[in-house]
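As the structure lists them, so they are numbered: ligands from 1, and atoms in each ligand from 1.
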Amino acid sequence: MPTPLPDRVPVAIAGGGPVGLTLSALLTRQGIANVVIEADEGYCTGSRAICISRRSQEILGWVGADAPLVGKGLGWVGGRSHFRQTEVLHFQMPSEPTQRFAPMVNIQQFYIEEYAHQAMGGGAAVCWNHRVRSVVPTGDGVALTLDTPDGERHLRADWLVACDGGRSTVREQLGLQLEGTQYEGRYVIVDIRQKTQRPVERLAWFDPPSNPGSTILMHRQPDDVWRIDYQIRDDEDPVEAVKPENVLPRVQSHLQMIGETEPWEPLWISIYNAKCLTLPDYRHGRVLFAGDAAHLVPIFGVRGLNSGLDDAGNLAWKLARVIQGRSPDALLDSYSTERVHATHENLAYGAKSTEFMAPPDFAFRLMREAALRLAVGDPHVRALINPRQSAPIAYVGSPLNAGEDPGWTSALAAPGAPAPEALLRSEHGDFHLSQRYGQGFVCLVFGGAAPALPPDVQALVITPTMDVHAQAWQRHGLRRADEPALVLVRPDGYVMGRWHGHDGGRIAQALKTTGVMA
Ligand SMILES: Cc1cc2nc3c(=O)[nH]c(=O)nc-3n(C[C@H](O)[C@H](O)[C@H](O)COP(=O)(O)OP(=O)(O)OC[C@H]3O[C@@H](n4cnc5c(N)ncnc54)[C@H](O)[C@@H]3O)c2cc1C
């Protein structure tokens with residue numbers, strides 16, 4: 001029995017991967033009915049994203065998908081890099097006991113899809129085994145033709161979000177092309193099952209005796225699974241390289257070198273090469289692009305899925321407001337401006353990581369070898385080889401940044417920055433600031449009672465007694481805990497503006513001047 005399809009839906013989402021399913025759940029939470037069109041019959045198989053950042057955990061938390069994720073996933077805070085057999089780096093990501101989530105959690109991508117799907121609830125449906133074949137923009141939406149096991153079906157949507165991955169049909173149908181570069185270096189990606197007692201860390205070996213000349217990465221995943229990535233030589237045939245007879249001895253040699261002796265079996269083998277590609281614009285009339293359909297980011301630094309979830313977090317509230325007539329259509333242009341900016345930052349970091357993990361030429365290889373050799377004896381050089389992991393990108397220069405008064409002590413909470421986290425105490429118990437984001441605008445009120453605010457904005461009064469760890473006022477850049485101030489935070493947890501005093505009129509003005517409200 002095929003999934004019932006209305007003739008017309010407010011939002012169609014092409015692609016039920018992790019980004020499409022999360023977007024669907026976020027839109028449902030905003031009260032927007034939507035349909036996900038997914039070509040496959042279920043969640044992804046094989047080995048894809050495993051490292052999920054703190055920011056992604058927060059976004060998944062907006063729809064309640066954080067609990068199963070944290071329950072199943074393996075949290076971690078740091079890692080170790082080795083040059084040959086010597087440890088040259090032990091890095092730690094920022095982490096503290098009061099934090100809500102670990103900086104990173106390892107979990108297979110299909111679990112994320114499952115948890116996002118479970119979070120969708122009523123108001124949304126997934127049509128599995130439905131492939132978008134054609135997309136025709138109409139004046140007031142799009143007309144879709146779908147290939148299904150029961151033949152062709154048709155659907156009209158007011159808005160279409162393309163979350164159909166790296167080979168996006170929607171992109172092709174609109175005649176759009178990704179722009180950027182592709183790296184030559186290839187990595188074999190192997191998932192194996194083997195029990196281990198090791199702590200959960202990111203482990204890297206450069207030129208290890210087990211596989212001279214290669215670079216090897218290892219990550220633990222739930223269900224006793226290891227992800228092992230290793231670089232193949234430039235002269236190796238990629239087809240030969242993934243044959244089990246060529247892969248298994250290399251894996252065995254490495255496991256032996258690091259002392260992992262439990263029996264093991266391969267689960268999945270594939271090959272990967274890094275790409276730095278993006279569409280120049282993520283909005284084309286009533287079609288919007290998110291996730292891999294919009295950009296392909298190298299896996300090193302784990303910015304692929306993590307940035308796709310940030311796309312979903314940025315888009316959901318904007319699309320909901322426009323559909324509900326609460327914001328002008330132009331608000332959606334800021335989705336493209338902000339997320340294209342974020343992609344450029346992610347690509348810059350991703351390219352740096354790729355050039356270190358898979359040096360594209362002799363000069364890069366030489367520089368890497370020099371840095372690794374020096375890092376053996378000189379702790380100052382170790383910063384150079386620190387694999388910077390995914391972090392939320394500040395929307396510098398965004399049209400939604402509403403401004404600030406002078407005199408704040410921290411630039412980290414300036415307009416356009418992700419709002420800092422804080423653990424607060426209330427009469428109902430402790431809670432994190434990030435738990436209050438993800439739905440509507442929030443105005444943090446320091447140093448007194450909340451002034452009158454526009455109806456779309458919820459006040460959160462933070463008293464010095466609530467701020468038991470002095471995290472909220474300090475991280476938001478106040479000079480003292482009881483200083484009167486207002487900080488306007490967007491539904492996606494980004495700072496929009498901050499002002500001294502308690503003039504609620506400035507909040508209304510900020511929403512107007514930035515075009516959030518007509
Ligand atoms: C080996 C590897 C390791 C990675 N590790 C990480 C990591 O640790 N952290 C990280 O953040 N990222 C990682 N990534 C990247 C991450 O996997 C992707 O960024 C992520 O899958 C993107 O999600 P998406 O939903 O945009 O696209 P996809 O996951 O590609 O989902 C797209 C969906 O659209 C469907 N589809 C395609 N065409 C159509 C059509 N015409 N009609 C309907 N449906 C269609 C597909 O079946 C698919 O389900 C890794 C990638 C690889 C390959």
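Of all atoms in ligand 1, numbered sequentially from 1 with element shown, those under 4.0 Å from a heavy atom of Pro18 are 23 (O), 25 (O), 29 (O). Numbered from 1 in the order shown, with element, the atoms of ligand 1 that lie under 4.0 Å from a heavy atom of Gly291 read 26 (O). Contact atoms of ligand 1 toward Gly165: 27 (O), 30 (O), 32 (C) (distance under 4.0 Å to a heavy atom of the residue). Taking a cut-off of under 4.0 Å to the non-hydrogen atoms of Gln109, the atoms of ligand 1 that pass are 16 (C), 17 (O), 20 (C), 21 (O), 29 (O). Heavy-atom proximity to Arg227, at under 4.0 Å, picks out these atoms of ligand 1: 3 (C).
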Inset, instruction - Decide yes or no on side chain to side chain donor-acceptor pair (under 3.5 Å) for Gln221 and His219, but give the supporting numbers first. - result: CA-CA 6 Å; Gln221 303 173 57; His219 279 284; over 6 Å; no
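In terms of polar-atom proximity, Ile50 is counted as a contact of ligand 1, with an N or O under 3.5 Å from an N or O of the ligand. Taking distance alone, with nitrogen or oxygen atoms compared against 3.5 Å, Val132 approaches ligand 1 more closely than that limit. For ligand 1, one of its N or O atoms has an N or O atom of Arg48 under 3.5 Å away. Of the N or O atoms in Ile189, none lie within a sub-3.5 Å distance of an N or O in ligand 1. Considering backbone and side-chain N/O atoms, Asp292 comes within less than 3.5 Å of an N/O atom of ligand 1. Not one N or O of Arg303 is nearer than 3.5 Å to an N or O of ligand 1, by distance alone. Residue Thr169 has at least one N or O atom closer than 3.5 Å to an N or O atom of ligand 1.
By the neighbour-count criterion of 12 heavy atoms within 6.0 Å, atom CG of Asp329 is densely surrounded, having more than that number from other residues, nucleotides or ligands. The environment of Glu245 atom CD is dense: over 12 non-hydrogen atoms of other residues, nucleotides or ligands sit within 6.0 angstrom.
The aromatic ring centroids of His117 and Trp128 lie less than 6.0 Å from each other.
Paired with Cys163 under the rule side-chain contact (heavy atoms from CB on, under 4.5 Å), one option of Val36, Val19, Asp292, Thr22 passes, and it is Val19. None of Tyr349, Phe364, Phe206, Phe300 except one satisfies the ring-ring contact (aromatic ring centres under 6.0 Å, His included) rule with Phe356; the exception is Phe206. Residue Tyr282 is tested with Thr343, Val161, Leu288 for a side-chain contact (heavy atoms from CB on, under 4.5 Å); the sole match is Thr343.
The shortest non-hydrogen separation linking Cys51 to Asn306 is O-ND2, 3.0 Å. Taking every heavy atom of both residues into account, Val302 and Met104 meet most closely at CG2-CE, 3.8 Å. Contact detail for Leu69 and Leu60: the closest heavy-atom pair is CD2-CD1, 4.0 Å. Across all their heavy atoms, Tyr272 and Ile299 have their closest contact at OH-N, 2.9 Å.
Looking at atom 39 (C) of ligand 1, its nearest protein heavy atom turns out to be Asp164 CB, 3.8 Å. In terms of protein heavy-atom proximity, atom 31 (O) of ligand 1 is closest to Gly17 CA, 3.5 Å. Closest to atom 15 (C) of ligand 1 among all protein heavy atoms lies Leu305 N, 3.9 Å. The protein atom (non-hydrogen) at minimum distance from atom 24 (P) of ligand 1 is Val19 CG2, 3.7 Å. Protein heavy atom at the shortest distance from atom 6 (C) of ligand 1 is Ala49 CA, 3.2 Å. Ranking protein heavy atoms by distance to atom 45 (C) of ligand 1, first place goes to Ala39 CB, 3.7 Å. Scanning the protein heavy atoms around atom 35 (C) of ligand 1, the nearest turns out to be Glu38 OE1, 3.2 Å. At the top of the distance list for atom 50 (C) of ligand 1, counting protein heavy atoms only, stands Ile299 CG2, 3.4 Å.
At a heavy-atom cutoff of 4.0 Å, ligand 1 is contacted by the backbone of Ser47 but not by its side chain. With a 4.0 Å cut-off on non-hydrogen atoms, Gln108 does not touch ligand 1 at all. By the criterion of a heavy-atom distance under 4.0 Å, the backbone of Cys163, and not its side chain, is placed next to ligand 1.
Salt-bridge check for Lys243 with Glu240: passed, with a basic side-chain N closer than 4.0 Å to an acidic carboxylate O.
Between the Thr28 side chain and the Ser24 main chain, a donor and an acceptor come within less than 3.5 Å of each other. With hydrogens and angles ignored, the 3.5 Å screen pairs no side-chain donor or acceptor of Tyr230 with any backbone N or O of Arg250.
Look at Arg167 and you'll find every heavy atom at least 4.0 Å from all atoms of ligand 1. Ligand 1 is approached by His130 to a heavy-atom distance shorter than 4.0 Å.
Donor-acceptor pairing under 3.5 Å is lacking for the side chains of Tyr437 and Arg490.
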